[in-house]
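Single-structure report; data block below.
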Amino acid sequence: MEGDCLSCMKYLMFLFNFFIFLGGACLLGLGIWVIVDPTGFREIVAANPLLFTGAYIMLAMGAMLFLLGFLGCCGAIRENKCLLLFFFMFILLIFLAELSAAILAFIFRENLTREFFTKELKKHYQRNNDTDVFSSTWNSVMITFACCGVNGPEDFEDIHHLPYSSLEKATPEACCQRELQSREGMFVNKEACLAGIERFQNRQGCYTVILNSFETYVYLAGALAIGVLAIELFAMIFAMCLFRGIQ
């Protein structure tokens, strides 16, 4: 009976570590995607060190989970006490670090509010200045998602340092409607857009558009994080039980 219990625990340990391996691979891939930054979100929040380092923390955690999941699988199958002890200690450190990161994310969640992005936009945005990373990134986001500002074109009315001629309104050309939503896309009517005619402008704010686009993925990421924490907890329990059961 004891041998059957140990064998069952060994394969359960392998199963849990396999899920840790997959979870680490997902976090690693997500971290790489954010760092590669195809739409420029990293530069928008670059002024905040906590948000800026979040992607690198995710990348590091994903890499460690990927490695430890692999080690845990090997330790369980080979019944190696040294590997199991190594696995338990490091998975405990990662578990505590992830728990701390989740608490910090909850505490500093106000940094992702509409007001935060509006303040940053009005402070740093410089219209069509492609040499400025912040401005270029915002222009790319507005063009890609067919949106304007955080709340709408009115965000740019209070930015007094924006350079535009007397014939143009405050709305930047990145807010103008295009036939194809890319930098190479032709404007529907650029002159009318810059003159303030609303039907040639993208009137919806980027905050709402992006939130709607990524709402499903945010919940999915949250569910994945909770699942990973639960799996890690069970993996630690099985690792210690298996460690004590190996003669």
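For the atom pair CZ of Phe116 and CG of Leu121, the computed distance is 11.5 Å after rounding to the nearest 0.5 Å. Note: Gln177 CD to Lys190 NZ = 15.0 Å, rounded to the nearest 0.5 Å. Taking CZ from Phe200 and CZ from Arg178, the interatomic distance works out to 15.0 Å, rounded to the nearest 0.5 Å. Note that CE of Met240 and CD1 of Ile237 are 11.0 Å apart. Values are rounded to the nearest 0.5 Å. Note that the SG atom of Cys175 and the CD atom of Gln204 stand 12.0 Å from one another [nearest 0.5 Å]. Between atom OG1 of residue Thr171 and atom CD1 of residue Ile197 there is a gap of 11.5 Å, rounded to the nearest 0.5 Å.
Cluster membership for Leu93 and Met89, using ILVMFWY side-chain heavy atoms within less than 4.5 angstrom, is not shared. Hydrophobic clustering keeps Ile226 apart from Phe95 (ILVMFWY residues linked when any side-chain heavy atoms are closer than 4.5 Å, directly or through intermediates).
Remark: Glu115 pairs with no residue by the salt bridge (Lys or Arg N to Asp or Glu O under 4.0 Å) rule, at least two apart or across chains.
Counting heavy atoms from C-beta outward, Leu194 and Glu191 have side chains that stay 4.5 Å or more apart. Using a 4.5 Å heavy-atom cutoff, the side chains of Ile210 and Phe145 are in contact. With contacts defined as side-chain heavy-atom distances shorter than 4.5 Å, the pair Leu92/Met236 qualifies. Counting heavy atoms from C-beta outward, Arg114 and Thr208 have side chains that approach closer than 4.5 Å. Counting heavy atoms from C-beta on, the side chains of His124 and Trp138 never come closer than 4.5 Å.
Judged purely by distance below 3.5 Å, without hydrogens or angles, the side chains of Thr118 and Asp155 never pair a donor atom with an acceptor atom.
Residue Phe19 qualifies as open at atom CZ: its count of foreign heavy atoms under 6.0 Å is 12 or below.
Checked against the 6.0 Å centroid criterion, the rings of Phe156 and Tyr125 qualify as a close aromatic pair.
Here the two cysteines Cys206 and Cys148 have their SG atoms 2.5 angstrom or farther apart.
Formation of a donor-acceptor pair under 3.5 Å by the Glu179 side chain with backbone atoms of Met186 is not found in this model.
Ring orientation note: the planes of Phe18 and Phe21 are close to parallel, at an angle under 30° on the 30°/60° scale.
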Atom pairs and distances, donor-acceptor, side-chain atoms in residues 59-74, under 3.5 Å, two or more places apart:
none

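Across every non-hydrogen atom of Ala174 and Asn139, the tightest pair is CB-OD1, 3.4 Å. Taking every heavy atom of both residues into account, Asn202 and Cys176 meet most closely at ND2-O, 3.6 Å.
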